[in-house]
Amino acid sequence: MTDLFSKIKEVTEIPAISGHEAPVRDYLRQQLTPHVDEIVTDGLGGIFGVKHSTAADAPRILVAAHMDEVGFLVREIDEQGYIRMLPVGGWWGHVLPSQTLVVTTHEGKRYQGVVGSSAPHGLSKEVKEKVIHPLDLFLDLGVYGCRCNASFKSR
């Protein structure tokens with residue numbers, strides 16, 4: 001794996017759905033600081049590394065990228081232990097079933113689950129032909145019937 005690829009992999013695996021980009025911003029601040037003269041943030045949370053030059057004709061370079069990603073918020077944990085999700089960003093429901101997602105807690109713990117939906121053999125023909133709405137999907141962490149001391153609190 002090349003150094004560039006490993007850096008891209010490292011930064012893209014930081015959990016940061018829209019509105020919760022702080023982990024990526026912190027990572028970028030740490031990576032940029034040794035290479036720039038000044039770190040500037042704007043009112044929207046953007047971060048800029050500025051390198052000052054004494055040369056009058058010094059080139060100006062801007063590297064721009066989004067820090068956020070589309071994702072989901074937990075909207076409910078039902079009586080069977082399934083996580084009902086609220087989409088953040090644009091999702092097309094048909095691409096989600098059987099995908100693995102990672103739940104990141106407020107404490108930073110991460111749990112992997114699989115997106116599920118109603119079984120196709122239990123659906124009418126009309127329902128099968130419609131696009132699946134993300135609100136009709138759930139995340140299965142495989143914890144049904146599990147006795148644990150975990151508690152969930154809403155903000």
Side-chain angles (χ1 to χ4, degrees), residues 1-78 80-117 130-144 146 148-155:
M1 177 177 334
T2 67
D3 187 48
L4 176 60
F5 183 79
S6 66
K7 286 291 184 193
I8 291 171
K9 183 177 185 307
E10 184 178 349
V11 75
T12 57
E13 289 180 349
I14 299 171
I17 65 170
S18 298
H20 300 274
E21 300 93 345
V24 173
R25 189 171 25 262
D26 295 344
Y27 171 87
L28 292 173
R29 179 176 283 110
Q30 177 188 16
Q31 296 298 311
L32 287 170
T33 297
H35 306 286
V36 299
D37 299 317
E38 178 183 5
I39 298 286
V40 178
T41 55
D42 65 13
L44 295 174
I47 185 168
F48 308 89
V50 180
K51 182 79 170 168
H52 300 289
S53 176
T54 56
D57 59 347
R60 291 179 172 229
I61 300 171
L62 171 68
V63 177
H66 283 272
M67 288 191 287
D68 64 340
E69 59 186 338
V70 293
F72 296 91
L73 293 174
V74 173
R75 68 178 168 97
E76 175 189 6
I77 301 173
D78 69 19
Q80 294 177 313
Y82 296 133
I83 295 176
R84 301 295 172 166
M85 306 172 295
L86 182 65
V88 176
W91 283 101
W92 192 54
H94 279 14
V95 301
L96 292 168
S98 300
Q99 296 293 319
T100 58
L101 297 179
V102 175
V103 175
T104 304
T105 68
H106 291 289
E107 295 80 26
K109 291 182 181 178
R110 300 179 82 183
Y111 301 93
Q112 187 168 323
V114 177
V115 178
S117 65
K130 291 182 179 177
V131 174
I132 302 169
H133 193 284
L135 290 177
D136 294 331
L137 299 170
F138 56 85
L139 186 63
D140 185 353
L141 297 181
V143 297
Y144 180 69
C146 174
C148 61
N149 294 327
S151 63
F152 296 94
K153 60 183 178 187
S154 60
R155 284 184 146 181

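FYI, the numbering just counts along the sequence from 1. The figures here come from the full heavy-atom set of this structure, side chains too, leaving out hydrogens, waters and symmetry mates. Not measured: the values here are computed from a predicted model.
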Considering all heavy atoms, the nearest [X]-[Y] contact:
X      : Y     : result
Glu10  : Tyr27 : OE2-CE1, 3.2 Å
Leu135 : Leu86 : CD2-CD1, 4.0 Å
Pro23  : Pro15 : CG-O, 3.6 Å

[X] side chain to [Y] backbone, donor-acceptor under 3.5 Å:
X      : Y      : value
Thr104 : Gly108 : no
Arg75  : Pro87  : no
Ser6   : Asp3   : yes

Separation between [atom1] of [X] and [atom2] of [Y], rounded to the nearest 0.5 Å:
X     : Y      : atom1 : atom2 : value
Tyr82 : Asp140 : OH    : CG    : 5.0 Å
Arg60 : Leu62  : CZ    : CG    : 11.0 Å
Trp91 : Gln99  : CH2   : CD    : 8.0 Å

Original post:
Got a sec, which pairs hit salt bridge (charged side-chain N to carboxylate O under 4.0 Å, His left out) with one end in residues 17-36, sequence neighbours left out?
Top reply: Asp26-Arg29
Original post:
Among pairs that include at least one residue of residues 85-95, which meet salt bridge (charged side-chain N to carboxylate O under 4.0 Å, His left out), considering only residues two or more places apart or in two chains?
Top reply: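 Sorted result for residues 85-95: empty, none.
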Identify all side-chain donor-acceptor contacts of residues 41-53 below 3.5 Å with residues at least two apart in sequence or on another chain.
unit_1 : atom_1 : unit_2 : atom_2 : d
Asp42  : OD1    : Leu44  : N      : 3.0
Asp42  : OD1    : Gly45  : N      : 2.9
Asp42  : OD1    : Gly46  : N      : 2.6
His52  : NE2    : Glu38  : OE1    : 3.0
Ser53  : OG     : Ala55  : N      : 3.1

Original post:
Who passes side chain to side chain contact (heavy atoms under 4.5 Å, CB included) against Ile8, sequence neighbours left out?
Top reply: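 Per chain and number, Ile8 pairs via side chain to side chain contact (heavy atoms under 4.5 Å, CB included) with Leu4, Thr12.
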Original post:
Is any side-chain heavy atom of Ile132 closer than 4.5 Å to a side-chain heavy atom of Leu96?
Top reply: no
**OP:** Please determine which of Thr100, Leu137, Ile83 meets the side chain to side chain contact (heavy atoms under 4.5 Å, CB included) test together with Val115.
**Re:**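 One option only clears the test, and that one is Leu137.
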**OP:** Just do the side chain to side chain contact (heavy atoms under 4.5 Å, CB included) check on Leu28 and Gln31 with the steps written out, would you?
**Re:** CA-CA 5 Å; Leu28 292 173; Gln31 296 298 311; 5.5 Å; no
Subject >> Partners passing salt bridge (Lys or Arg N to Asp or Glu O under 4.0 Å) against Arg84 (at least two apart in sequence or in another chain) >> reply: Asp78
Using a 3.5 Å cut-off and no angle test, enumerate the donor-acceptor pairs between side-chain atoms of residues 63-73 and protein atoms at least two apart in sequence or in another chain.
unit_1 : atom_1 : unit_2 : atom_2 : d
Asp68  : OD2    : Ser18  : OG     : 2.6
Glu69  : OE2    : Ala16  : N      : 3.2

